[in-house]
Amino acid sequence: MGKRVEDLIILANRQINQGFFLLEAKSLIGLPVILPGQFLQVRVDNAPQTFLRRPLSVHDVNYERDSVSLLVQVLGEGTRMLSGLKPGDTLNVIYPLGNSFTLPGKGERVMLAGGGCGMAPLLYLGRKARECGAEVSVALGFRNSSRILDFSEFRKIGEVFIATEDGTEGTRGFITDIPAFRESNWDRIYCCGPEPMMKSIAKAAGERDIFCEVSLENLMACGIGACLCCVVNTSEGHVCTCTEGPVFNIRTLLW
Amino acid sequence: MVDLSVKIGKLVLKNPVMTASGTFGYGAEFDDFFDVSSLGAIIVKGTTFEPREGNPYPRMAETPSGMLNAVGLQNKGIDYFETKIYPVISRYETNVIVNVNGSNIDDYVQLTKRIEKLENIPAIELNISCPNVKMGGMAFGTNTVSAREVIRAVRDVYSRTLIVKLSPNVTNIAEFGVIAQEEGADAVSLINTLLGMAIDIKERRPKLSTVTGGLSGPAVKPVALRMVWQTAKAVSIPVIGIGGIMNADDAVEFILAGASAVQVGTASFINPVTASEVVKGIAEYLQLNGFHSPGDIVGNIKI
């Protein structure tokens with residue numbers, strides 16, 4: 001499956017909460033096959049402060065419209081500039097990059113666990129998991145109720161459980177405190193979010209011997225396995241997050 | 001008609017554009033984007049005799065118009081290179097050059113001997129300038145005595161084209177170019193990365209696990225250009241210019257400063273097709289200005 005450099009066209013840019021926005025970008029030559037968990041390397045404007053590309057995971061794919069959606073949190077100068085994109089603007093990307101989540105089998109019970117903006121790669125995964133005939137549930141964790149991101153699309157693929165650290169909505173605490181997360185016997189848990197959150201979910205899954213994959217977001221330069229900057233320590237030594245990941249089975253990580 | 005071919009030692013390059021070691025993997029990472037064989041040469045990832053895990057993460061920090069890296073020569077060693085990588089890169093119809101590293105002179109020599117036996121590797125780039133390893137690397141390339149020793153030892157056991165990659169972290173880089181020439185090197189390439197540092201002020205912590213790392217990208221270009229100019233004036237062997245080349249105009253600047261060929265490095269991370277675009281752009285520049293070959297403009301500036 002070929003990677004390519006392409007100018008996508010912005011179809012929509014919607015702010016979904018303070019500091020979070022959802023971009024939809026269209027391919028004029030037709031989308032390549034994109035697997036759940038893959039990402040794009042997005043060029044900002046190559047100005048001094050935004051010299052490198054920004055890796056952004058694919059939030060959703062719409063083959064009828066040849067568009068990809070990207071859920072982005074404004075964290076620095078690069079994402080701040082991207083937040084100002086308008087319909088019709090171009091977005092230069094390298095894609096599709098990275099490996100993908102391992103899809104579940106028919107009838108399997110899967111849990112998608114997303115922390116904040118970490119829910120980004122889980123929507124497209126959830127849709128694919130449903131197509132595979134899996135039963136999908138979603139657990140999303142946020143700092144407080146005002147930080148909750150629009151999860152209406154997740155509702156269409158399964159039951160959604162919310163946890164907030166201050167208890168202003170849903171379960172007080174973390175995803176690992178949600179009763180459904182703790183009590184059910186999941187066949188698979190897929191996870192993306194801040195590293196401490198992923199580690200605690202990986203620990204919970206490991207203790208119960210549940211298949212668990214996490215999507216990492218290490219700092220990257222190239223995104224195609226050339227620079228060896230984004231490495232993670234695994235049972236096989238240092239491997240590139242951009243090519244061997246971003247999705248890793250927790251058994252291979254030295255957490 | 002423009003003839004882009006250039007000669008570096010015994011090597012004939014179809015054009016003066018190579019890829020800088022550590023920025024182009026083993027070539028295959030770029031196969032999806034362009035025909036890698038269209039380049040003058042590809043210099044593959046720095047190789048050591050024994051496998052190296054490299055430095056801990058984080059090993060990269062973005063800086064204004066550039067980046068710092070502290071990868072630390074992560075590679076799987078010469079045994080793996082011979083059995084797994086060499087058969088694959090041998091298919092490229094261009095010069096594949098190995099960047100050779102070591103912790104001591106014997107390392108360099110043993111590795112060089114192994115590589116000389118590989119028929120499809122017509123040259124090595126002797127790296128005495130990596131700033132990211134505790135032993136060897138830059139320690140050799142910033143001291144005139146040890147630089148001479150390691151170049152001499154490698155030259156003694158290697159009969160093909162020997163390129164020596166110089167460190168910019170010295171007071172007078174031309175002096176090292178002269179030493180390389182005196183010890184029989186066929187060419188020098190410069191510059192390797194400049195030693196730099198970045199701090200996360202929120203965490204009050206260095207951004208790199210190793211504290212310091214190598215700066216590359218357009219931020220270093222004026223320094224690199226100056227060093228190429230100084231070295232080219234001091235030596236008669238070919239100089240290969242490296243440092244922040246983002247496009248053909250940058251490459252032409254290096255050639256005008258005295259470089260016989262250039263290497264594209266960090267730019268490949270941002271636009272993987274850069275090296276191929278630089279080849280085209282150099283040809284266009286020569287054509288437009290009535291020159292027939294890159295050699296016509298090497299060091300050809302009015303001062």
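Proteins get letters first, then strands, A, B, ... in listed order; numbering begins at 1 in each. Side chains are part of it too, since the values below use all heavy atoms of this structure and drop only hydrogens, waters and symmetry mates.
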Original post:
Any side-chain heavy atom of B:N69 within less than 4.5 Å of one from A:C227?
Top reply: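 Not in contact.
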
Original post:
Roughly how far, to the nearest 0.5 Å, is the CG atom of B:N271 from the CG atom of A:N92?
Top reply: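 Answer for the CG-CG pair, A:N92 versus B:N271, is 7.5 Å.
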
Side chain from CB out, backbone as N, CA, C, O: work out which of these in [X] comes under 4.5 Å of a heavy atom of chain A, or both, or neither.
| X | result |
| --- | --- |
| B:T63 | backbone |
| B:N55 | backbone |
| B:P51 | neither |
| B:F30 | side chain |

For the student: nearest non-hydrogen atoms of [X] and [Y], plus distance:
| X | Y | result |
| --- | --- | --- |
| A:L219 | B:Y57 | N-OH, 2.7 Å |
| A:L52 | B:E62 | N-OE2, 2.7 Å |
| A:H238 | B:G54 | CE1-O, 4.0 Å |
| B:R59 | A:C229 | CG-O, 3.4 Å |

Answer yes or no: are there more than 12 heavy-atom neighbours, outside [X] itself, under 6.0 Å from its atom [atom1]?
| X | atom1 | result |
| --- | --- | --- |
| B:R205 | CZ | no |
| A:R251 | CZ | no |
| B:K76 | NZ | no |

Original post:
Between A:N233, A:I224, A:T50, A:I94, which shows the greatest number of heavy-atom pairs under 4.5 Å with chain B?
Top reply: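 Max contact count across the listed options: A:I224.
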
Original post:
Counting heavy-atom pairs under 4.5 Å to chain A, which of B:P272, B:G22, B:G66 comes out on top?
Top reply: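 If we count pairs closer than 4.5 Å to chain A, B:G66 comes out on top.
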
Subject >> chain B contact via A:N218 - side chain, backbone, both or neither, heavy atoms under 4.5 Å >> reply: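 Looking at A:N218, backbone and side chain both touch chain B.
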
**OP:** Name the region of A:R43, side chain, backbone, both or neither, that has any atom closer than 4.5 Å to a heavy atom of chain B.
**Re:**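 Contact with chain B: side chain only.
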
Subject >> side chain to side chain contact (heavy atoms under 4.5 Å, CB included) evaluation trace for A:F51 with B:I270 >> reply: CA-CA 8 Å; A:F51 176 65; B:I270 292 140; 3.3 Å; yes

Subject >> B:E29 side chain to A:A226 backbone, donor-acceptor under 3.5 Å >> reply: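 No, because the side chain of B:E29 does not come within donor-acceptor range (under 3.5 Å) of the backbone of A:A226.
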
